[in-house]
Amino acid sequence: MSTVSAERTETAAPVLSMRGVSKHFGAVAALTDIALDVHAGEVVALVGDNGAGKSTLVKILAGVHPQDAGTVNFDGKDVTIHTPVDSIQLGIATVFQDLALCDNLTVVDNLFLGRELGPWRLNEVEMEVQSWKLLRQLSAKIPSVRIAVASLSGGQRQTVAIARSLLGSPKLIILDEPTAALGVAQTAEVLNLVERLRENGLAVIMISHNMQDVQAVADRVAVLRLGKNNGTFRMKDVSTDDLIAAITGATDNVVTQRAAQSGAAAAASTAGTAGPDGTAGPDGTTRASEGAAEPGAADGPAGPAGMGGPGGGSMPPGQPDGNADQPGSGAVPEEGNVP
Amino acid sequence: MTTNPTTPVVPLATDLQDERLIRTEGFKGAIKVGVNRVRGGDLGVLPIIVGLLVIWTIFQALNPFFLSSANLVNLLLESAAVGVIALGIVCVLLVGEIDLSVGSVSGLSAAIVGVSFIKLGWPIGLAVLTALAAGALIGLVYSLVYTKFGVPSFVITLAGLLGFLGVQLFVLGVEGTINLPFDSFLVWFGQQAFVPAWLSYVLAALGVAGFFLSQLTLSRQRVKNGLSGRPMRLVVIQTVVLAVILFFAVWYLNQTRGVGWMFVFFAALVLVMHYAFTRTQWGRSVYAVGGNREAARRAGISVNRIYVSIFVLCSTFAAIGGMLAAGRLAASAQSSGTGDVNLNAIAAAVIGGTSLFGGRGSAFSALLGILVIQSISSGLTLLNLESSFRYMITGLVLLLAVILDAVSRKSRTSHGRA
Ligand SMILES: Nc1ncnc2c1ncn2[C@@H]1O[C@H](COP(=O)(O)OP(=O)(O)O)[C@@H](O)[C@H]1O
Ligand SMILES: [Mg+2]
């Protein structure tokens with residue numbers, strides 16, 4: 001708890017501080033008594049199983065639906081976020097899980113929606129130029145910005161949604177499963193981007209099911225379980241085991257059992273065969289058995305190494321099994337050169 | 001650069017650099033883009049132009065007076081009133097809503113003008129303003145009911161259809177019909193006001209020059225900023241085609257009475273709305289709300305304000321249309337705005353290519369659509385066919401237009417242009 005970054009985050013006041021936030025939909029208590037702090041220059045990963053309430057938390061911050069109880073403090077002031085406009089004006093930019101793009105409008109139109117240049121005489125040229133600049137920064141593979149968003153692939157739409165959030169100058173960026181639909185290179189670009197945002201002193205909340213992504217960029221991990229806080233961990237101090245236990249609510253569960261199985265399988269044959277059994281499922285879960293041995297250590301180099309390359313660079317961690325569901329690119333690390 | 005040494009080193013425009021982009025530079029490229037677009041279900045104004053030509057050919061074959069200058073002058077004048085109402089319908093359709101009460105609102109507006117101008121002796125300007133205000137107020141009420149209670153617009157406006165027909169009858173009182181004097185502004189505007197020949201040519205020239213210059217400056221600005229410009233040849237050809245059509249039309253109409261001011265007024269409203277829809281933040285928001293309301297809301301657009309502005313605009317256009325119709329008829333009658341006014345206005349917007357599904361369409365669809373409907377109406381009148389045929393044929397054309405809308409929507413989805 002007393003690392004350098006810990007000192008920084010503990011001295012400065014958090015950009016966002018939520019206390020006692022609750023939200024229910026009819027009889028379903030989606031969120032109960034949630035507390036969450038995010039500091040400037042900090043990436044907080046928000047993890048939890050499906051239905052844990054992550055997206056609901058995001059939507060409260062984005063003004064999509066206001067909370068039933070609790071306080072939100074932003075930039076030192078208690079705020080009430082009733083509408084998306086409130087959220088945007090505070091400096092919160094959100095990339096929604098369901099993206100929220102207008103299919104009938106072009107890429108440029110979507111990027112600048114709600115903040116068009118020249119309200120009475122749209123400056124289409126300037127908007128298009130800025131769009132290209134922004135999309136190039138994200139290494140977006142979008143053939144034309146003058147085509148309707150409907151004709152883009154899932155990953156391209158995701159990139160447009162992320163690019164959207166960067167326009168304007170937000171203080172807090174919320175990414176709800178930003179890499180879920182992305183390819184290898186694009187995932188790396190998004191993780192790169194998240195690191196750049198942190199370097200620029202922005203606060204970032206990133207939701208992800210991918211433990212590799214989380215470990216690659218997060219400073220802290222906040223776990224939600226069944227709509228309640230289930231621990232906040234400093235990335236450096238926590239093992240994937242502990243995280244998964246916090247997410248699933250038990251140390252003995254399907255994930256660890258499965259990890260134990262594949263761990264045994266890996267031990268039985270050469271380590272290399274554990275990867276090819278492809279379906280091995282939840283990323284980073286198999287690593288739970290082995291990764292525990294060298295928790296934080298692998299992360300250090302993983303970030304830069306994984307980010308650096310132009311394409312196929314999204315295999316951050318050094319663990320062998322982590323590659324189980326990654327396509328191609330044969331990044332079988334240590335064991336790879338044994339046979 | 002690395003693989004192919006023959007690649008020219010001329011820097012490619014920023015928007016043409018993706019290697020998957022099928023080269024569409026220059027004139028031929030532009031043609032190809034157009035063809036692909038139509039194939040992909042983005043039909044634009046093509047079906048309606050074709051439809052209009054077919055209708056004109058048939059009626060001209062049946063009655064040679066149809067395409068005469070005198071008849072076309074009349075046809076344009078007849079188009080203006082319902083055309084303005086259709087412009088309002090385009091507004092509501094763009095946000096994916098509907099207004100079924102435009103006929104009643106136009107009738108009420110005619111009644112208000114008639115009563116306040118003739119019976120109460122108000123100055124015509126005040127009478128017109130009152131009718132406009134009534135239209136705007138009705139739209140405001142609709143939008144408030146819609147945004148506060150979430151009642152579907154077709155139900156609210158169905159109630160309005162009945163309710164405001166009642167108000168219209170009430171305002172007109174026992175006599176039922178109020179004749180407007182022929183020397184009043186409204187009647188003059190609807191029947192006698194024609195653009196002087198020289199001025200009509202000047203207006204046409206301004207239109208052509210405006211089109212050419214806006215295309216040219218846009219293209220220049222794009223090239224200056226490293227984007228691809230529009231091919232010069234294409235711009236020139238488009239300008240020439242536009243010039244030929246406009247000047248020929250003006251010349252032909254000037255063979256008899258010329259271009260009516262009322263039609264010019266309608267065309268001007270269409271141009272203003274076209275600008276508002278395509279070149280302002282408000283217009284962009286309108287399309288966004290029609291395409292994905294929740295996405296628009298999350299982008300920070302005040303969706304309710306858009307609905308308010310749209311419903312107010314629609315009812316106000318209906319009020320304007322009602323006054324134009326009263327001027328044309330030289331009377332405010334109990335029958336003003338009843339009958340097929342409502343359906344013709346809605347049909348015109350849809351036939352003109354504005355989608356019933358929201359988020360797709362243009363101000364020009366009001367103009368093109370009403371031309372189709374008035375052509376059918378005028379042609380059948382010339383053939384001495386009763387209104388029964390007019391209803392049947394207009395109904396058929398509307399059905400065709402809606403089918404085209406639905407089919408091209410499907411096609412767009414499969415071609416990734418939804
Ligand atoms: N708009 C809504 N209406 C009703 N229930 C909802 C709504 N949004 C979310 N929920 C419920 O709230 C819970 C949390 O959902 P969500 O925040 O989407 O989970 P997560 O994003 O963590 O997978 C779920 O039980 C879900 O069914
Ligand atoms: Mg979610």
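Letters A, B, ... mirror the listed sequences (proteins, then strands); counts begin at 1.
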| request: Could you look at S302(B) and say if it's the side chain, the backbone, both or neither that has a heavy atom under 4.5 Å from chain A? | output: neither
| query | With side chains defined as the heavy atoms from C-beta onward, is the minimum distance between N292(B) and L101(A) less than 4.5 Å? | reply | no
| said: Looking at R121(A), I'd like to know if its CZ atom is crowded, meaning that more than 12 non-hydrogen atoms belonging to other residues, nucleotides or ligands lie closer than 6.0 Å. | reply: no
| Nearest non-hydrogen partners of L122(A) and T278(B), listed with the distance | CD1-O, 3.9 Å
| field | Verdict with supporting geometry, E128(A) and N225(B), side-chain contact (heavy atoms from CB on, under 4.5 Å) | value | CA-CA 9 Å; E128(A) 185 166 341; N225(B) 285 281; over 6 Å; no
| R279(B) with E124(A): basic N within carboxylate O range, under 4.0 Å | no
| task | Below 4.5 Å from any heavy atom of chain B, which atoms of D98(A) appear? Answer side chain, backbone, both or neither. | result | side chain
| said: Ignoring hydrogens, what is the shortest heavy-atom contact between R298(B) and I88(A)? Give both atom names and the distance. | reply: O-CD1, 3.7 Å
| Which heavy-atom pair separates C102(A) from A295(B) by the least distance, and what is that distance? | SG-CB, 4.1 Å
| Between CZ of R146(A) and OG of S228(B), what distance do you get to the nearest 0.5 Å? | 10.0 Å
| query | Can you say whether K59(A) sits under 4.5 Å from chain B via the side chain, the backbone, both, or neither, judging by heavy atoms? | reply | side chain
| message | A quick test of your reading: do over 12 heavy atoms of other residues, nucleotides or ligands sit less than 6.0 Å from CZ of F25(A)? | response | yes
| message | Taking Y287(B)'s backbone N and O only, do any of them form a donor-acceptor pair with N104(A)'s side chain (distance below 3.5 Å, no angle check)? | response | yes
| said: Looking at every non-hydrogen atom in both residues, tell me the closest pair between Y275(B) and W120(A) and how far apart they are. | reply: OH-O, 2.8 Å
| request: Answer yes or no: does atom CZ of R136(A) have more than 12 heavy-atom neighbours from other residues, nucleotides or ligands under 6.0 Å? | output: yes
| field | Which portion of E294(B) sits near chain A, non-hydrogen atoms under 4.5 angstrom | value | side chain
| note | Bottom line for V145(A): the part with an atom under 4.5 Å from chain B's heavy atoms is neither
| query | Which region of N110(A), side chain (C-beta onward) or backbone (N, CA, C, O), has a non-hydrogen atom less than 4.5 Å from a non-hydrogen atom of chain B, or is it both or neither? | reply | neither
| R115(A) portion near chain B, given a 4.5 angstrom heavy-atom threshold | backbone
| query | Can you name the nearest heavy-atom pair linking L113(A) to R284(B), along with the distance? | reply | CD1-CG, 4.3 Å
| note | Assert top hit (heavy-atom pairs under 4.5 Å, partner chain B, pool I147(A), V125(A), V85(A)) equals V125(A)
| field | Steps toward side-chain contact (heavy atoms from CB on, under 4.5 Å) verdict (Q221(B), E126(A)) | value | CA-CA 9 Å; Q221(B) 211 189 344; E126(A) 182 58 28; over 6 Å; no
| Contact check, side chains of T280(B) and E116(A), non-hydrogen atoms, under 4.5 Å | no
